[in-house]
Each structure stands twice: as structure tokens, then as C-alpha cells.
Amino acid sequence: MRWRRRTSGPRGRGGRIRAFRRLVTVTAVTAVGSVTAVTAALCGTAAAAGGADLALTAGPASGHASAGSAGGYAFAEGARRVDGAGGTADAARLAAGVTYRSSLDRDARAYYALELDAASDAYVSVTAVPRPGEEVVAVDGVRVSVQDADGGSCSLDSATFGAARSPRPVTAWGAREITRTGTRCQDPGRYYVVVERVRPQDSPPDAWDLELTTVSEPAVKGTAATDAPQTWDSASPAPLTGEPENRPAGAGFTDAASIGQGAWRADAEPGQTLYYKVPLDWGRQLYASAELGSADGRSGYATGALSLSLLNPVRGQVDSAGTGYTGRRATVDLGPVPPVAYGNRYAVAEEQSAMRFAGSYYLVVHLAEQVADRFGDGPFEVVLRLRLTGTERTGPDYAGEPVPRRVFEATEPFRAAASDDAAGSQAGDGAGDPAMRAVAVGGIGTGSVLLAGLGVWTLVARRRGA
């Protein structure tokens, strides 16, 4: 049995609010990481030699953390700690572009403050993380609302655990939008984000950890679309076939693994949530499905065993679907979503309205904890199949910079790796494969850094000699 959830989405008076191959392979990641370590050691040697005027700067190694233990969520490193207040008077302010850590008690409402201008749209996302093994009900989850200083509602959204009743990270979002005809939530000043559990009476007693993010979208200069696109190709194309490539997933939004068109394989344990990101530019369209491999010699039935969700660059849900599992290979696919377009924000349908930004879209796959009861602890093979279509278009001319910067951009290397023809190389032409090209580039870059490091070593040796 399959299910599909259409998001309720943040709602405001102006209308309803509406994840390429990685640039390096594991080999390249390992090489760059090794070079970073060597470079750091060389820099330490230089400092020990008293060379205060000698400096070599190297960025962090490419790559992401593995998905970790079943049920684990990778919170953003360096996220600021903030306490949710019991009311508006003591609400701590959330700054745009900053990621926060907080917590939510069962019977509490947590208040946070936003300081907003009169021109920019503001988005907030809240990911609630219950503890693995907690007993949850299908209709429980997290609710997020944005309110003005008078308590008027700007938006309301909720995310629940669903039929599988499997504890997992769930994300809801909220917004304050500036609209042509809006009369509420249009003024500058202080606004409030209110976070609570959907059904506290049925909720586990332990506090849930929270991850909060805020994004500011500037106004558009000149003219921009004022209506939603009326027509777009909503027919699902034939699914991609062929052997999938191994691509370990991230365990959270900030370490989500980058993928593009193609088939991608990972192992998942019951209770585990996998995070991927897909760069989508203006005009591009995504089709996605997920497959759960068969269980060896076991039978039974697990409700809502596999779920697949698509979230936009501000972590607002676009669409979600799931399927049960009998031990045989099972597939779930997302419904057709429109090409990325600024005007989508004016659409009534939530799965269209949420496709309003270019940038990194997130695919989140969850394998229900209850699968272990019928089919063992796994791991189980999960395959994502993605197809990208549509013609890249020019986006809106923003009057300022979004915060964080470039959140609504698909960067140039990502664009190339996520294009249709790039992924066509999966048939076996390694020379045309963007990932293989990245290995070559990574090799060149690695050699350059090694040469630079040797240069530092030589200079230090000369100084010692002198």
C-alpha cells in the first residue's frame, strides 16, 4: 500500500507558501583529506621554526559525514544554542543565515523572535528529532507557525510521523511573505516563531532536539512574474535504468550527499534517515523514485516501510510519499513537480508553490524502525533514481543578497554535474562521466597542493639552515 502526503504548507494572506553527481569520488575525497592533513602538519612545522610571516592556508577536505548509527541525525556543526521561551516577552532573536540548536518539551510552546524589514520574505525551518526507539503515533509531530506582534498568523505548517509510526527527524517550515495584496504580516518589526508538538497528549515525554534555520529572500528589482505558470509537463518520464553507483548518504541537511541525474545506491538500517541534495537551477525539473531491495528469505508486512520526501532550499516540503514492504523489492515515486520558477509561489497547489527557488533541493529517505521486527536489522539496499529535465533559465534580479548568500543558486560545478548529458555517461563511458572528470581534476589539484606543501617544507629547511 502506498501513500502520498501533500503538504499543508505555510499559508498567508497573499497565497499559499509554497537535490549531480558529487564533484569528487571517494578516492578524490580521501586524497584531498590527506593533503589537508599534510598541509596542516607542514604549517605546524613552519610555525615551530619561528616563521611567523610564513602562512599556508588550506580549506577543509571535501566530503560529508556518513549517515552514522540508525536513527541518528547530524546536526550542523557549530550551530548556536538557543532556548525557546515560554512566551513572546523573553523570546530570543533568530538571525537570518544562522543555524540554531534548541529543544522542545512535550507540553510546551517554544517562542523565538524574528526582526523583519518591509521588503524581504523570511523563511524559517524547524527539524524536530525524537530519540530512536521512542513510541510515537502517526498524527504526532511538530507544528510551526509565524505570527506578527499582535498574534496574527502569517503561516502555519506541521510535519507528522505518518502511518509507520517510526521516530525520525521531521521538518516543518514557516514564512512571512511580502505580497501585492497582503494586509497582514506586511509591516517591518518583530515577529515570532512558535514551535509545538502536534499532539502533546500522545507524545513521548522526553524533550526533542530541534534544529532551526532562517533564510531571508530579498525583493526583486524591476518586474518579475506575478502569476504562477499555468502549464508545465506533468507527465512522468520513463524511469532511469542501469546499475546504480554507490553514494553513501548524509545524516542531516548540512552533510547531505550531492547527487544528480542517475541511479544512486546506499545501505540503510531500520530507523535510519538518509539525506541527499540535488542542485536545481531555474527552469529545471526533477523526477525521483526510491527502491527498497528485497529481504533474504523473509516475509511479512511493514506499514509505511519506505518514505521519500522532497524539500526545497529553505527546507520547506514539496512532496512526500511512502510505501509498505512485504520483503520483495518495493518502489515509491514522488508525483510530478513543476520546473523551478519564481512565479510558482503564486500557485495554489503546494507541490508547485514550494518549487519557487533555485538551489539545493533535498531528498530525504527514511526506512521505518518497524522493518527490523519483520525482516531483521539489515542493512537494506536503497536505490534512488533521478531524472532531470527542463531548460535552464535566467532567474529573478534580486535587489540584494539573500541570507545566507547563494542559497538560491546552483553553483557552476553542480550545474554541470547535474545536467542531462552528464548523467548519460552512466552507460559506461568513464571519460565523459563528470565524477571521473572530477577525479582527474582532483588529482591535478592534489598535485598542486603537494607541490605547494613541499615548497613550504623547503623554505622552512632553508630558514633552519640559515
[X] side chain to [Y] backbone, donor-acceptor under 3.5 Å:
X      : Y      : result
Thr214 : Ala95  : yes
Gln186 : Ala118 : no
Glu409 : Val407 : no
Gln285 : Asp233 : yes
Arg131 : Pro204 : no
Asp121 : Ile178 : yes
Tyr287 : Gly335 : no
Thr160 : Val139 : no
Asp157 : Trp173 : yes
Gln352 : Pro229 : yes

Check this for me, if you would: do [X] and [Y] make a salt bridge, where the nitrogen-to-carboxylate-oxygen distance has to be below 4.0 angstrom?
X      : Y      : answer
Arg315 : Glu211 : yes
Arg176 : Glu217 : no
Arg168 : Glu134 : no
Glu392 : Arg284 : no
Arg93  : Glu115 : no
Asp281 : Arg393 : no

Side-chain contact test, heavy atoms from C-beta onward, threshold under 4.5 Å: evaluate it for [X] versus [Y] and give yes or no.
X      : Y      : value
Leu240 : Gln261 : yes
Val364 : Leu274 : no
Arg329 : Glu381 : yes
Val194 : Val144 : no
Val371 : Phe380 : yes
Val170 : Thr127 : no
Leu280 : Leu388 : yes
Arg143 : Val195 : no

Is the distance between the ring centroids of [X] and [Y] under 6.0 Å?
X      : Y      : value
Tyr362 : Phe253 : yes
Phe375 : Tyr325 : yes
Phe161 : Trp208 : yes

Between atom [atom1] of [X] and atom [atom2] of [Y], what is the distance when rounded to the nearest 0.5 Å?
X      : Y      : atom1 : atom2 : value
Cys154 : Tyr192 : SG    : OH    : 12.0 Å
Asp333 : Arg385 : CG    : CZ    : 13.0 Å
Glu177 : Arg345 : CD    : CZ    : 7.0 Å
Ser158 : Arg197 : OG    : CZ    : 15.0 Å
Asp148 : Arg184 : CG    : CZ    : 6.5 Å
Leu286 : Leu334 : CG    : CG    : 7.5 Å

Would you kindly say whether [X] and [Y] are connected by a side-chain donor-acceptor distance under 3.5 Å?
X      : Y      : answer
Thr213 : Ser125 : yes
His366 : Ser307 : no
Asp140 : Ser203 : yes
Tyr191 : Gln147 : no
Tyr112 : Ser102 : yes

Should the heavy atoms of other residues, nucleotides or ligands under 6.0 Å from [atom1] of [X] be counted, would the total exceed 12?
X      : atom1 : answer
Asp117 : CG    : yes
Asp206 : CG    : yes
Arg101 : CZ    : yes
Arg190 : CZ    : yes
Arg180 : CZ    : yes

> side-chain contact (heavy atoms from CB on, under 4.5 Å) between Arg80 and Val82: does it pass, once the steps are laid out?
Replying inline: CA-CA 6 Å; Arg80 295 185 190 176; Val82 63; 5.9 Å; no
Looking only at heavy atoms, which two atoms of [X] and [Y] are closest? And how far apart?
X      : Y      : result
Ser289 : Thr331 : CB-CG2, 4.4 Å
Val318 : Asn312 : CG2-N, 4.0 Å
Pro167 : Gly133 : CG-N, 3.8 Å
Leu306 : Ala330 : CD2-O, 4.5 Å
Ser120 : Ser216 : CB-OG, 3.6 Å
Ala368 : Ser166 : CA-OG, 3.5 Å

>> Do Arg109 and Tyr111 form a cation-pi contact, if we require the NZ or CZ to be under 6.0 Å from the six-membered ring centre and within 45 degrees of the ring's axis?
In response: no
>> With salt bridge (Lys or Arg N to Asp or Glu O under 4.0 Å) as the criterion, how do Asp83 and Arg81 come out once you've worked through the C-alpha distance, each side chain's angles and the decisive distance to 0.1 Å?
In response: CA-CA 7 Å; Asp83 292 329; Arg81 286 281 181 176; over 6 Å; no
>> If you apply the rule side-chain contact (heavy atoms from CB on, under 4.5 Å), what do you find for Leu212 with Thr99, and how did you get there?
In response: CA-CA 6 Å; Leu212 301 94; Thr99 301; over 6 Å; no
>> As a quick check of understanding, evaluate ring-ring contact (aromatic ring centres under 6.0 Å, His included) for Phe408 and Phe357, giving each step before the final call.
In response: CA-CA 6 Å; Phe408 302 134; Phe357 318 108; 4.6 Å; yes
>> Could you walk me through whether Val198 and Val142 satisfy the side-chain contact (heavy atoms from CB on, under 4.5 Å) test, starting with their C-alpha distance in whole Å, then the side-chain angles of each, then the deciding distance to 0.1 Å, before giving a yes or no?
In response: CA-CA 5 Å; Val198 175; Val142 65; 5.6 Å; no
> When you look at Ser103 and Leu210, which way does the side-chain contact (heavy atoms from CB on, under 4.5 Å) test go after all the steps?
Replying inline: CA-CA 5 Å; Ser103 62; Leu210 302 180; 5.5 Å; no
